[in-house]
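These notes are about the structure you will find just below.
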Amino acid sequence: MSGYILVVDDQFGVRLLIHKVLEESGYNVKAVASGSECLNHAISLNRPSLILLDQRMPAMTGLQVLSRLSQDDQAKDIPVIMISAETDLEDLARCFGVQNFLSKPLDLNILLKTVQETLAGASLG
């Protein structure tokens, strides 16, 4: 896997904030606005090391993206952190293979800690 984090959120302000916080913490970050863009990156040769995935997006929800990722032999191994204001989705998201679940509004310290722990866990696996 390559060394970047893919941020997927249809809200420009949220994408920008997460991108900036991660970049300032030393991570290589790409940000996209849709599930289809996420899937294009996830199945490409330059796959992300981690995906931060919003649930509520037009055209394709985060859970639909997870379902598609789980069907691809390479993409299914990319760790995913789901981000949603819908806290009741956590159990369902974990059934689709989500490593971690963060609630909106985001606590940026928890975001950074979760990203660090998820990447560390992925490198051990």
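Keep in mind the model is a prediction, meaning the values are calculated, not measured.
The nearest pair of heavy atoms linking Ala93 to Leu66 is O-CD1, 4.3 Å. The shortest heavy-atom contact between Arg15 and Ala33 is NH1-CB, 3.3 Å. In plain terms, the two heavy atoms of His41 and Tyr4 that are nearest each other are ND1-OH, 3.4 Å. What you find for Gly62 and Leu53 is that their closest heavy atoms are O-CD2, 3.4 Å. Of all non-hydrogen atoms in Ile78 and Pro48, the two that sit nearest each other are CG2-O, 3.7 Å. Summarising the geometry of Ala75 relative to Asp72, their closest heavy-atom pair is N-OD2, 2.8 Å, with the distance given to 0.1 Å.
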For Ile83 and Ile18, run side-chain contact (heavy atoms from CB on, under 4.5 Å): C-alpha distance rounded to whole Å, both residues' side-chain angles, the deciding distance at 0.1 Å, then the answer.
-> CA-CA 11 Å; Ile83 300 172; Ile18 294 172; 4.0 Å; yes
Evaluate side-chain contact (heavy atoms from CB on, under 4.5 Å) for Val14 paired with Asp54, printing each intermediate quantity in order.
-> CA-CA 10 Å; Val14 173; Asp54 184 33; over 6 Å; no
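For CD of Gln116, the number of neighbouring non-hydrogen atoms (other residues, nucleotides, ligands) closer than 6.0 Å is 12 at most.
Partner Leu52 forms a side-chain contact (heavy atoms from CB on, under 4.5 Å) with one of Leu6, Val80, Leu111 and no other, that one being Leu111.
Every residue two or more places apart in sequence or in another chain that forms a side-chain contact (heavy atoms from CB on, under 4.5 Å) with Thr61 is listed here: Gln55, Leu63, Gln64.
Within the model, atoms CD of Gln74 and CG of Leu45 stand 9.5 Å from one another, a figure rounded to the nearest 0.5 Å. In this structure, the separation between CZ on Phe101 and CG on Leu89 is 5.5 Å, given to the nearest 0.5 Å. Rounding to the nearest 0.5 Å gives a distance of 9.0 Å between CG of Leu108 and CG of Leu22. Taking CE of Met82 as the start and OG of Ser103 as the end, the distance is 11.5 Å to the nearest 0.5 Å.
Follow the hydrophobic side-chain contacts under 4.5 Å out from Leu92 and you reach Val8 in the same cluster. Side-chain heavy atoms closer than 4.5 Å link hydrophobic residues (I, L, V, M, F, W, Y) into clusters, and following such links, possibly through other members, connects Ile110 to Val29. Linking ILVMFWY side-chain heavy atoms closer than 4.5 Å, directly or via other members, places Val7 and Leu112 in a single hydrophobic cluster. Connection of Val21 to Leu106 is established within a shared hydrophobic cluster, with ILVMFWY side chains joined at heavy-atom distances below 4.5 Å, either directly or through further cluster members.
Counting only residues at least two apart or on different chains, the salt bridge (Lys or Arg N to Asp or Glu O under 4.0 Å) pairs with a member in residues 22-40 are Lys20-Glu24.
Counting heavy atoms from C-beta outward, Tyr27 and Leu50 have side chains that stay 4.5 Å or more apart.
With respect to the salt-bridge test (charged N to carboxylate O, under 4.0 angstrom), the residues Asp9 and Lys104 qualify.
Counted by atom type alone, Thr114 and Asn100 present zero donor-acceptor pairs between their side chains at under 3.5 Å.
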